[in-house]
Amino acid sequence: MPSPSIAPAVAHTGFHPLRTAAIGLLAAAAVALGWLGLQVAPQHVVIDVREHARRHQVELENRLRLADRVLRAIAADVAANGRDSAPLGDAERRYFDNVTFMRPGQAPIQMLPTTGEVPALEPALQDQVDLGETVVVTQVVAGNTQAARVTLVRTIAPTGALPALLAADVSAHYLWAIGPAPAQSGGLCVREAGGLTLHCSTPLAWEASATLRSDLATSTGPFAWTAGPRSWQGAGATLTLVSPRVRDHWTVLALAPPAAATDGLDAWTTSALAWAGVLALLAAAGFVLLRRPGGGASGAPVMRSAPTVAAQPSDHAATGHDEASLQRRLDRQRSAIRAMAEVDRASLSRAGVDRLVELASAHLLLCTGAEALVIAVLESDGLNRMTVTQVFADEADTPSPEQRAIDDSLHSLMAAPTDGGWLHKLGGMSLTQPLVARGIGSAFVLPIHQDGQPAGLIMLGCRDPALIGADETSNARAISGRLGAALTSLAREQALYAQTHFDTTTSLPNRQYLKEHLPQQISRARRDRVRLALLFVDLDGFKTVNRIAGHSRGDLVLMEAARRIRACLREEDIVTRFGGDEFVVVLPKVAAGMDARRVGNKLLEALARPYLVDGEEHQLGCSIGISIFPDDAQTVDAMLRNADSAMFDAKAAGRGRYAFFDAAVNRAAIDRSSLELELHHAVAHTEFVVYYQPQIDLRSGQIDGAEALVRWNHPQRGLVSPYEFISVAEQAGLIENLGEQVMLAACLQYRDWDAKGIAPQRISVNVSSLEVTRGDIVERVERILSLSGLRPMHLELELTEGVFLEEASGALEKLHALRQRGVRIAIDDFGTGYSSLGYLRRLPIDVVKIDQSFVRDLTTNRDNASIVRAVLDVAHSLGKMVVAEGVETDQHSAQLVSMGCDVGQGFLWSRPLPADQFESFMRQWQMVSRPVPLELD
Ligand code: C2E
Ligand code: CA
Ligand code: CA
């Protein structure tokens, strides 16, 4: 029984006993492998059984990792939603027989209802759990000779004071049922480091495991084993568990009759292949770095044909027998193990390439003694880029990965042998340049393999190549292997993610992506108390294109449509291809329906432009359904359903339009959008007329002024009230143009009356806040004054209170400037907004217009009467004039007179009138000179 017992050589190094045992085991394994490589490989016999063990080990490790991932997902779900909202389904049952949710002091809750007691955790394991690790607990179940029970335990909230735990029994069926065994195999066993047999596939394997117990504690073979008349070849492969800090390892043991193994000779016909098998095994087991002190016979990198890389003549330099060198070697091994564990852990927690490289680079200098380290990794984005990280032992800078275009030096360096090789001519290559610059003349170059293909490299530079020996290069190989494995699983995960979350035709995210991301968007909108809009966009006429022009041209149209949609939106908006010719757009933050409307209009316009495919023009359009959170729906499904139904409304209403989910809102929106379009036309064609309403001086009874009030002379609807269109004009950006038209008309009208000798003191024009905050109102007023020849003192601008609060926009300065020019400023609708009497003092105004609502029930509502009285008091004390609006009755008028109000305006005297009627009104008024009662009663 050839089980080389070399463990004692490291037994007195002062390590923790467990660690020491592991090192002993590994040292033995590595030596055995070295021996295998040099002497046994040509017989091919052992490799077959080793390969069997190794494959099983890799598969088992993958299964445990996957189970851990599933458990993490369950834990995250429970943490986010509480246990009740996380019922486990068939997917979880595939991995686990039993999932139990435990909180200290409370009865455990079975999430997968198969009874089974949760194992108690040893204190050491509890520590690991508290750190947020998943630990593996094994128990032999009485009466079950097939398999031990394997339980994954992890915490739900590692930071909580009394954290809740999840314990999940990994389904034996899932964990152990791994592939068919090779013909005539003697079976497989999985053993724990402590010697406990967890599972065996055959009775023979049980027997072997039981009788080989002592041998396997220190060796993974190869070994011979005799059962009755037959002898067997056996070999082991070691696997690191989910959490490397817990339970050192399991060993997979494979058995094969020597004859059977020899029969498989043709699978290993060349010695090169045999070497590859051994080395793959070394990398997979990951423990090749631990070898007998004093340097084993093997481990020298195998050189292959790579022109720039030459064999290193001697790599045994650092293998002295003294204590110091032994200690150094062990330190380096420890650092390598740590790097591997960290890379593994990062890989499990789905760290990105940068993080993986960072972790590896943090240890590579330490565990190899190199002076310079370069890690280059190909980017997977197909843009021919690589990320390069450089670290130098004597420079304190923290390494920062840098993106570069791939050049030839990467390719020629990646062609180094799989196990690495020495390079003694470093000149002329961009990647080696920083080494040359520091006088470093040699480098050990080791390709990083991802999915069997070189995907990067590790380069260890040193001035004296003799300082990097076999121990060191194998440390580097071990780390490179782990890095490669991590990159492989990352790439697979990314590929899988892309495959399941993106549409290949348009490159847009797909329905699955939306279903995963929309809930987050909705909760964010809820948290930030903002509205979120979901637009369901369905192409009109796409099916015709597909039918007439064929599917491949149809795809081109879809790609173009996707591009146009994306171009209409902001970075933070989500666009997905939902299916066939349907797209879903999510606007994470909208102000009421307005933004959604604007985007809807943009999309309608963009998608309706002709599509040119292979020289042929296609005309499409789209119909859009809009659903708003939280107004219309609060869940993902309801949002989609509502938007979809609104989309059908839009189609039903004639396509090429958008519809809001709510029927009433929907109708209003359609009205509004057509109103907006018509208003554009109206502004361009001056469809507006200005009416005038007299303002009466309550003391003299004379006409003091006239307020200009706009009406829209709509071609079909006749006169439209400003209440209907002013706010739309404001939102559509038309108000400045409209306001200018009214002001000019009013000023010219005033000049006309003036020329006729009937003009009142002044003309008032309503000005929207936006005209003051956005536009250059001062310049505009000046232009109109000079155009019309009106003197500023005859012009009064009516502004609502809001504008006086817009200090940031410079509104107050503009109003001051206007007043300085002699233009009068009135505060309109006073009392309806923020109005405080105190702030009247600070405002650049001449006139206060008391809102109609106070005047309407002036005679019946005492509060209103006292408010009006107070306004009059303050305004008069500040020297401002007061106009009362909405004076409809003689009582109103009389009361206002008695209160000392200056001017009245309202239906009592006249409704707003067209210019010519207003003119007759004025003439009549002068003739009648209707007296205003000076005293009530
Ligand atoms: P406003 O500035 O408060 O104008 C007074 C409104 O009250 C006018 O409505 C007028 O017809 C009405 N009114 C006058 N006397 C009485 C009365 O005794 N009783 C009642 N119940 N109502 C009376 P109108 O003309 O429909 O204008 C509505 C609003 O539209 C105006 O309110 C003003 O805010 C806005 N507006 C009108 N023209 C313009 C304009 O050229 N530019 C801007 N930005 N806004 C305008
Ligand atoms: Ca007004
Ligand atoms: Ca008013």
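Ligands are counted one by one from 1 in listed order, and the atoms in each one are counted from 1 as well. Atom set for the values below is all heavy atoms of this structure, side chains included, hydrogens, waters and symmetry mates excluded.
Within the coordination shell of the Ca ion (ligand 2), defined by N, O or S atoms under 3.0 Å, S764 is absent. Among the atoms of D829, no N, O or S atom is found under 3.0 Å from the Ca ion (ligand 2). Inclusion of E707 in the first shell of the Ca ion (ligand 2) is supported: an N, O or S atom falls under 3.0 Å.
Not a single heavy atom of R911 sits less than 4.0 Å from an atom of ligand 1.
Ranked by closest heavy atom to atom 38 (N) of ligand 1, the top entry among V767, D828, V690, V710 is V710. Residue E885 holds the heavy atom nearest to atom 5 (C) of ligand 1 of all those in H892, K849, E885. Of the candidates N766, V720, V742, N766 brings a heavy atom nearest to atom 42 (N) of ligand 1. With distances taken over non-hydrogen atoms, the option nearest atom 27 (O) of ligand 1 out of P722, A708, S721, S910 is P722.
Using a 4.0 Å cut-off between heavy atoms, D829 contacts ligand 1 through its side chain alone, with no backbone atom that close.
A side chain to side chain contact (heavy atoms under 4.5 Å, CB included) with F688 is found for exactly one of V683, N713, V720, namely V683. With R824 as reference, E796 is the one residue of Q761, E796, E798 to meet the side chain to side chain donor-acceptor pair (under 3.5 Å) rule.
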Which is it for E560 and R563 under the salt bridge (Lys or Arg N to Asp or Glu O under 4.0 Å) test, yes or no, and what are the steps along the way?
CA-CA 5 Å; E560 173 61 13; R563 199 193 55 75; 2.8 Å; yes
Verdict with supporting geometry, F536 and F578, ring-ring contact (aromatic ring centres under 6.0 Å, His included)
CA-CA 9 Å; F536 204 106; F578 199 68; 5.5 Å; yes
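The contact set between ligand 1 and S768, taken as ligand atoms under 4.0 Å from a residue heavy atom, comprises 44 (N). Every atom of ligand 1 is numbered from 1 in the order shown, and the set under 4.0 Å from a heavy atom of Y723 is 26 (O), 28 (C), 29 (C). Taking every heavy atom of E707 and a limit of under 4.0 angstrom, the matching atoms of ligand 1 come to 2 (O), 4 (O). Less than 4.0 angstrom separates some heavy atom of Q693 from each of these atoms of ligand 1: 14 (C), 15 (N). For ligand 1 and P912, the ligand atoms under 4.0 Å from any heavy atom of the residue are 11 (O). Near E888, with a cut-off below 4.0 Å to any heavy atom, the atoms of ligand 1 are 17 (C), 18 (O), 19 (N), 20 (C), 21 (N).
Of the N and O atoms on the side chains of Q695 and Q905, at least one donor lies less than 3.5 Å from an acceptor on the other residue. Judged purely by distance below 3.5 Å, without hydrogens or angles, the side chains of S623 and D540 pair a donor atom with an acceptor atom.
If you look at E798 and ask which of its N, O or S atoms sits nearest the Ca ion (ligand 2), the answer is OE1. Nearest to the Ca ion (ligand 2), among the N, O or S atoms that D828 has, is OD2.
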Pairs of donor and acceptor atoms involving the side chains of residues 729-737, under 3.5 Å and at least two apart or interchain, shall be tabulated with distances.
residue : atom : partner : partner atom : Å
E730    : OE2  : S768    : OG           : 2.7
Q731    : OE1  : R672    : NH2          : 2.5
N737    : OD1  : Q741    : NE2          : 3.3

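Annotation: cation-pi geometry satisfied between R564 and Y611 (NZ/CZ under 6.0 angstrom from ring centroid, within 45° of ring axis).
Atom-to-atom distance recorded for L514:CG and L640:CG is 5.5 Å, nearest 0.5 angstrom.
Distance alone, capped at 3.5 Å, places no donor-acceptor pair between the S727 side chain and the Y723 backbone.
Atom NZ of K651 has more than 12 heavy atoms from other residues, nucleotides or ligands within 6.0 Å.
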